[in-house]
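Read the structure below first, then the notes.
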Amino acid sequence: MQVHEICTHEVVSIGPAATVVDAARLMRTRHVGALVVVEQPNGERIPVGMLTDRDIVLEVVATEAPCRQLRVDDVMSREPVTCSQDEHLLDVVARMRTYGVRRLPVLNAKGGLCGLLSLDDIYGALGTCLETMSRALTRGQVREMEARP
């Protein structure tokens, strides 16, 4: 299975110069816990960081930092671990484990953002595979019982 088959293709992103307050509002209105921070030097959205609700809590709320004055690039994780849309899922899962991340921006052939792969996406795909395998086993048992009464 390749990444593009299961990743989320409508990725919510923000620029590094936006305020943390704007980022939090965007997360709230779009019902997401992470934003891919992008720059657009050549028309492609190039990931330069990740900002999660956890980043905001740990770096802003817990330290009582002046959130209206902070920009996304003051708080974001830089140089995000990424993957290609054509990579095999098991290779990407190994990368997630190596770097200890739960989400990866997915890149197209030009290096532009085309998706976001999360553990939730992977769990959903695994659930579907397990359900399909279970149905195959059950169907095999039923066919055997019908063939050998």
Side-chain angles (χ1 to χ4, degrees), residues 1-40 42-63 65 67 70-145:
M1 183 177 297
Q2 292 182 315
V3 169
H4 70 88
E5 296 176 68
I6 67 165
C7 72
T8 301
H9 293 282
E10 291 188 30
V11 183
V12 183
S13 63
I14 195 164
T19 68
V20 171
V21 172
D22 289 338
R25 285 184 180 139
L26 182 59
M27 287 179 181
R28 182 178 183 193
T29 59
R30 297 296 298 272
H31 306 285
V32 297
L35 301 172
V36 181
V37 184
V38 298
E39 292 180 346
Q40 295 183 324
N42 59 1
E44 292 282 341
R45 294 185 301 167
I46 307 298
V48 295
M50 289 289 295
L51 180 68
T52 67
D53 47 10
R54 180 176 168 82
D55 293 329
I56 294 171
V57 168
L58 296 178
E59 299 295 327
V60 181
V61 177
T63 63
C67 61
L70 289 175
R71 295 173 10 150
V72 167
D73 63 356
D74 294 325
V75 181
M76 71 182 191
S77 300
R78 298 177 186 282
E79 299 179 17
V81 179
T82 63
C83 64
S84 164
Q85 64 184 350
D86 298 324
E87 283 188 78
H88 291 281
L89 187 58
L90 292 178
D91 295 333
V92 174
V93 168
R95 185 173 313 134
M96 292 172 92
R97 183 180 63 240
T98 298
Y99 288 95
V101 296
R102 297 169 40 184
R103 302 172 186 95
L104 291 181
V106 179
L107 307 180
N108 62 26
K110 295 179 182 179
L113 182 65
C114 67
L116 185 68
L117 180 68
S118 72
L119 286 181
D120 287 347
D121 298 325
I122 296 167
Y123 292 142
L126 288 174
T128 300
C129 287
L130 290 172
E131 181 182 0
T132 301
M133 289 173 17
S134 174
R135 287 183 182 172
L137 289 172
T138 303
R139 186 170 183 183
Q141 291 170 344
V142 168
R143 285 187 10 204
E144 182 178 323
M145 286 187 278

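Looking at S134, its side chain never comes within 3.5 Å of a backbone N or O of L130 through a donor-acceptor pair. At least one donor-acceptor pair closer than 3.5 Å links the side chain of R95 to the backbone N or O of T82.
Here the side chains of D22 and R25 are in contact, with some heavy-atom distance below 4.5 Å. Considering only heavy atoms from C-beta on, V106 stays 4.5 Å or farther from H9 through its side chain. Considering only heavy atoms from C-beta on, L89 comes within 4.5 Å of I122 through its side chain. Within the 4.5 Å cutoff, the side chain of M76 has no heavy atoms near those of the D55 side chain. Looking only at side-chain heavy atoms (C-beta outward), V60 and V57 stay at 4.5 Å or farther from each other. Looking at heavy atoms from C-beta onward, R103 lies out of side-chain contact with V36 at the 4.5 angstrom threshold.
Counting all heavy atoms, side chain and backbone alike, Q85 lies closest to C114 at OE1-SG, 3.4 Å. The heavy-atom pair separating L117 from M96 by the smallest distance is O-CE, 4.2 Å. Scanning all heavy atoms of the two residues, the minimum distance from D86 to Q2 falls at O-NE2, 3.0 Å. Here the closest non-hydrogen pair linking M1 and A125 is SD-CB, 4.1 Å. Summarising the geometry of V75 relative to V20, their closest heavy-atom pair is CG2-CG2, 3.8 Å, with the distance given to 0.1 Å. Pairing each heavy atom of L113 with each of S13, the nearest pair is CD2-CB, 4.4 Å.
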